[in-house]
Amino acid sequence: MTDKKPTSIFLIGMMASGKSTVGRRLAERLGWAFYDADREIETRCGVPISLFFLKKEGEAGFRARETQMLAELTAKDRVVVATGGGAPMFEINRKLLARGLVIQLASSVSDIIERTR
C-alpha cells in the first residue's frame, strides 16, 4: 500500500447495510461531496429503480446504467459514493471502484430485514 491518501471513497455492501447514511456523514466530516449511485440513476431515469427493473429496461439495462454512473462518479475527486448493493458483482465495476478507497459495510441479517420493511 502506498502513503498516498485516497481522493475518493466508495462504500459497498448489501442493500440496507447503511451505505447512504454512513456516506452522507463521512462526506460531511471530510468536506467532500456525497453521491448515492442508485439515487443518481433514479433522478436521470425519472423512476424508482424498482420500476426501472420491472417496466423499463430490466436488470441488464439497469446494470449498464449503473456501470455508466460509476464511471462518472469514480472519475471525480473528493467524493464519497454509496454504490448499489450489486455493483461489485461485476468486474468492470470493481475496476472502476479501484480508483479510490473501497470500504465494505456489513450489517446483520436481522438489521437488514428491519431496515427494508
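When reading the values below, keep in mind they use all heavy atoms of this one structure, side chains included, and skip hydrogens, waters and symmetry mates. This is a predicted model, so every value here is computed, not measured.
- The shortest side-chain heavy-atom distance between Leu73 and Val79 does not fall under the 4.5 Å cut-off.
- The CG atom of Asn93 sits 5.0 Å away from the CG atom of Leu70 when rounded to the nearest 0.5 Å.
- Across all their heavy atoms, Phe62 and Ile49 have their closest contact at CE1-CD1, 3.6 Å.
- Applying the side-chain hydrogen bond (donor to acceptor under 3.5 Å, both in side chains) test to Arg44 and every residue at least two apart in sequence or in another chain returns Glu72.
- Arg65 pairs by the salt bridge (charged side-chain N to carboxylate O under 4.0 Å, His left out) definition with Glu57, not counting sequence neighbours.
- By the side-chain hydrogen bond (donor to acceptor under 3.5 Å, both in side chains) test, Glu114 pairs with Arg117, sequence neighbours left out.
- Distance OG1/Thr7 to NZ/Lys76: 12.5 Å, rounded to 0.5 Å.
- Closest approach of Glu40 and Tyr35 over heavy atoms only: OE2-CD2, 3.7 Å.
- The distance from atom CD1 of Ile9 to atom CG of Leu26, rounded to the nearest 0.5 Å, is 4.5 Å.
- The two residues Trp32 and Ser8 make their nearest non-hydrogen contact at CZ3-CA, 3.8 Å.
- The CG atom of Leu97 sits 9.5 Å away from the CZ atom of Arg94 when rounded to the nearest 0.5 Å.
- Side-chain heavy atoms closer than 4.5 Å link hydrophobic residues (I, L, V, M, F, W, Y) into clusters, and following such links, even through other members, never connects Ile112 to Leu105.
- Looking at heavy atoms from C-beta onward, Val102 lies in side-chain contact with Ile12 at the 4.5 angstrom threshold.
- Residues Arg115 and Ser107 have side chains that bring a donor and an acceptor to within less than 3.5 angstrom of each other.
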- [ ] Evaluate the criterion side chain to side chain contact (heavy atoms under 4.5 Å, CB included) for residue pair Val22 and Ile103; output intermediate values, then yes/no.
- [x] CA-CA 11 Å; Val22 170; Ile103 299 173; over 6 Å; no

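- Applying the side-chain hydrogen bond (donor to acceptor under 3.5 Å, both in side chains) criterion to Ser110, with sequence neighbours excluded, gives Ser108.
- Interatomic distance, CE of Met14 versus OG1 of Thr116, reported as 9.0 Å (0.5 Å rounding).
- Environment of CG in Leu51: crowded, with over 12 heavy atoms of neighbouring residues, nucleotides or ligands closer than 6.0 Å.
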- [ ] Would you check, one step at a time, whether the test salt bridge (charged side-chain N to carboxylate O under 4.0 Å, His left out) holds for Arg25 with Glu28?
- [x] CA-CA 5 Å; Arg25 290 178 182 165; Glu28 187 176 303; over 6 Å; no

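- Residue pairs meeting the ring-ring contact (aromatic ring centres under 6.0 Å, His included) criterion with at least one member in residues 80-99: none, sequence neighbours excluded.
- Every residue was checked against the side-chain hydrogen bond (donor to acceptor under 3.5 Å, both in side chains) condition with Arg24, not counting sequence neighbours, and none meets it.
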Task: Stepwise side chain to side chain contact (heavy atoms under 4.5 Å, CB included) check, Val81 with Thr74 - done: CA-CA 8 Å; Val81 176; Thr74 60; 6.0 Å; no

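- A continuous path of hydrophobic side-chain contacts links Leu101 to Leu30 [ILVMFWY only; heavy atoms under 4.5 Å].
- The minimum heavy-atom distance linking Glu66 with Ile41 is given by the pair CA-CD1, 3.6 Å.
- For Gly84 against Ala37, the heavy-atom pair with the smallest separation is N-CB, 4.5 Å.
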